Amino acid sequence: MGCSIWAIPLVATEASMRFPLALLAASMAAVLAAAPARASDESGLPGVAPGDYEVVLSESFMQSHPDMLYRMRGLGALNRGEGRQAEDNFRRAAKYADKLSQAFIAQMLWEGRGIAQDRALAYAWMDLAAERGSPMLVAERERYWDALDEAQRARAVAEGKAIYARYADDVAKPRLETEMRRSRKNEAVGSRLGSVVTQVNVCIGDWKVSDMQLVCNRSIAAEHYYQDRFWKPADYWKWQEQQISVPKGEIQLGTPETVKKDGT
């Protein structure tokens with residue numbers, strides 16, 4: 001698997017998708033796709049400095065963070081018009097407490113985007129996405145609730161019980177934390193160049209054969225790869241919340257467009 005899983009063309013516009021959270025997820029996907037070519041600090045991806053792209057984009061990191069991996073795959077499928085595939089991947093990410101993916105499922109159900117419209121079920125998912133009290137998600141949840149009739153509200157509450165039982169933070173967070181601990185324990189570490197921890201490298205790229213030996217093609221300093229916000233649960237969840245704290249906006253999933261500057 002390579003970086004192509006999140007090379008998703010996304011364009012910010014004033015078009016039909018009202019859902020403000022979509023701006024964040026689209027921005028994340030677009031920035032990750034363009035990250036290797038960026039040199040400035042105008043990342044557009046909250047909580048990720050340009051120097052961290054090599055970590056976040058690495059196959060080993062994504063495999064260790066299935067919440068982000070399946071979210072990106074879901075965005076790719078959604079952009080290709082593959083609704084069922086998108087929903088499946090968002091559900092996989094939701095299983096690991098990914099609030100963005102839970103909100104995307106809600107949006108798809110609310111709009112009938114690629115899957116059958118079901119606004120009662122959409123509310124149940126958005127209620128789950130807003131579980132941590134993120135203002136943007138709470139606002140969307142309340143907007144959904146106001147649009148439901150009494151029968152839909154009753155069904156939304158009933159549907160929510162099963163969804164919470166499988167995807168709520170108290171059961172979903174431990175799944176991801178277990179994956180991160182397992183991956184960190186089993187991560188392949190390259191040769192030690194000295195006694196200082198900053199000189200231990202982690203292989204993040206493909207392996208190749210050189211002089212009859214297996215050699216890592218790309219590596220990174222362990223202290224950079226294993227930053228607390230990427231691996232320690234408490235710090236990781238705070239970092240994830242930063243990704244939801246963005247200005248409101250609208251997006252349209254589609255083909256890239258050239259943005260002209262200064263009227264040229």
Side-chain angles (χ1 to χ4, degrees), residues 5-6 19 21-22 24-25 28-29 32 45-48 56 60-78 83-110 115 118 120-142 144-145 156-186 227-246:
I5 58 170
W6 46 85
F19 184 48
L21 197 75
L24 167 64
M28 175 178 293
L32 286 174
L45 180 58
V48 180
V56 176
S60 61
F61 183 90
M62 295 299 284
Q63 292 289 0
S64 303
H65 297 75
D67 56 330
M68 295 180 65
L69 173 64
Y70 289 118
R71 183 202 309 163
M72 291 304 170
R73 287 180 172 176
L75 284 168
L78 186 63
R84 288 297 178 188
Q85 186 72 19
E87 182 191 25
D88 179 67
N89 279 293
F90 288 142
R91 281 181 179 268
R92 288 171 183 261
K95 185 180 176 182
Y96 294 99
D98 189 66
K99 294 304 177 189
L100 286 170
S101 293
Q102 292 168 6
F104 259 87
I105 293 171
Q107 181 193 17
M108 292 176 69
L109 287 165
W110 188 262
I115 57 177
D118 187 332
L121 191 57
Y123 173 84
W125 276 101
M126 188 60 75
D127 185 62
L128 175 67
E131 179 183 13
R132 298 173 199 161
S134 302
M136 183 181 297
L137 298 176
V138 169
E140 285 300 296
R141 180 193 67 191
E142 295 308 300
Y144 282 18
W145 184 257
V157 172
E159 294 280 4
K161 294 178 181 179
I163 291 173
Y164 264 80
R166 182 170 176 79
Y167 299 100
D169 274 354
D170 61 347
V171 293
K173 277 186 172 183
R175 293 188 189 113
L176 182 62
E177 292 168 7
T178 297
E179 288 294 324
M180 290 194 294
R181 282 193 298 269
R182 180 186 299 118
S183 296
R184 184 163 185 174
K185 180 180 179 181
N186 297 331
Q227 294 178 66
D228 288 350
R229 60 179 168 168
F230 296 152
W231 297 94
K232 288 190 176 180
D235 294 292
Y236 183 78
W237 296 121
K238 289 179 182 178
W239 178 60
Q240 287 294 313
E241 282 302 303
Q242 291 178 31
Q243 299 178 24
I244 303 177
S245 302
V246 295

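Since the model is a prediction, treat every value here as computed from it, not as a measurement. Position 1 is the first residue of the sequence; numbering continues from there.
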Q: Would you mind reporting whether Arg71 and Phe104 have side-chain heavy atoms less than 4.5 Å apart?
A: no

Q | Asp127 side chain to Tyr123 backbone, donor-acceptor under 3.5 Å | A | no

Q: Would you please test Asp98 and Gln240 for side-chain contact (heavy atoms from CB on, under 4.5 Å) and show each step?
A: CA-CA 8 Å; Asp98 189 66; Gln240 287 294 313; 3.9 Å; yes

Q. Under the criterion salt bridge (Lys or Arg N to Asp or Glu O under 4.0 Å), which of Arg229, Lys99, Arg132 is the partner of Glu241?
A. Arg132

Q: Identify the two heavy atoms, one from Leu137 and one from Ala129, that lie closest to each other, and give their separation to 0.1 Å.
A: CD1-O, 3.0 Å

Q: List the atom of Ala122, the atom of Leu109, and the distance in Å for their closest heavy-atom pair.
A: CB-CB, 3.6 Å

Q | From CA spacing to verdict: salt bridge (charged side-chain N to carboxylate O under 4.0 Å, His left out), Glu179, Arg175 | A | CA-CA 6 Å; Glu179 288 294 324; Arg175 293 188 189 113; over 6 Å; no

Q) Which heavy atom of Ser64 sits nearest a heavy atom of Met180, and at what distance? A) O-CG, 3.6 Å

Q) Does any non-hydrogen side-chain atom of Tyr167 lie less than 4.5 Å from one of Ile105? A) no

Q: Answer whether the closest heavy-atom distance between the side chains of Leu121 and Ile163 falls below 4.5 Å.
A: yes

Q: For Trp237, check side-chain hydrogen bond (donor to acceptor under 3.5 Å, both in side chains) against everything at least two apart and list the hits.
A: Glu177

Q: Name all residues meeting the side-chain hydrogen bond (donor to acceptor under 3.5 Å, both in side chains) criterion together with Asp88; count only those two or more places apart in sequence or in a different chain, and write none if there are none.
A: Arg92

Q. For residues Tyr144 and Glu140, is any side-chain donor paired with an opposing acceptor at under 3.5 Å?
A. no

Q.
Run Phe90 and Leu75 through side-chain contact (heavy atoms from CB on, under 4.5 Å) and show every step you take.
A. CA-CA 8 Å; Phe90 288 142; Leu75 284 168; 4.3 Å; yes

**Q.** Distance, nearest 0.5 Å, that separates CD of Glu87 from CZ of Arg91
**A.** 4.5 Å

(Q) Any heavy-atom pair between the side chains of Arg166 and Val171 that's under 4.5 Å? (A) no

Q) Excluding sequence neighbours, so at least two apart, what forms salt bridge (charged side-chain N to carboxylate O under 4.0 Å, His left out) with Lys232? A) Asp228

Q) Relative to each other, are the rings of Trp231 and His65 parallel, tilted or perpendicular (30° and 60° limits)? A) perpendicular

Q) So which heavy atom on Leu128 is nearest to which on Tyr164, and how close? A) CA-OH, 3.6 Å

Q.
On a heavy-atom basis, which atom in Ala156 and which in Ala124 lie closest, and how many Å separate them?
A. O-CB, 3.7 Å

**Q.** Exam field: side chain Glu159 to backbone Ala120, donor-acceptor pair closer than 3.5 Å
**A.** no

Q) Where do Ala86 and Ala77 come nearest, in terms of heavy atoms and distance? A) N-CB, 3.5 Å

(Q) Checking Met108 against Trp125 for the side-chain contact (heavy atoms from CB on, under 4.5 Å) test, could you report, in this order, the C-alpha distance in whole Å, the side-chain angles of both residues, the deciding distance, and whether it holds? (A) CA-CA 10 Å; Met108 292 176 69; Trp125 276 101; over 6 Å; no

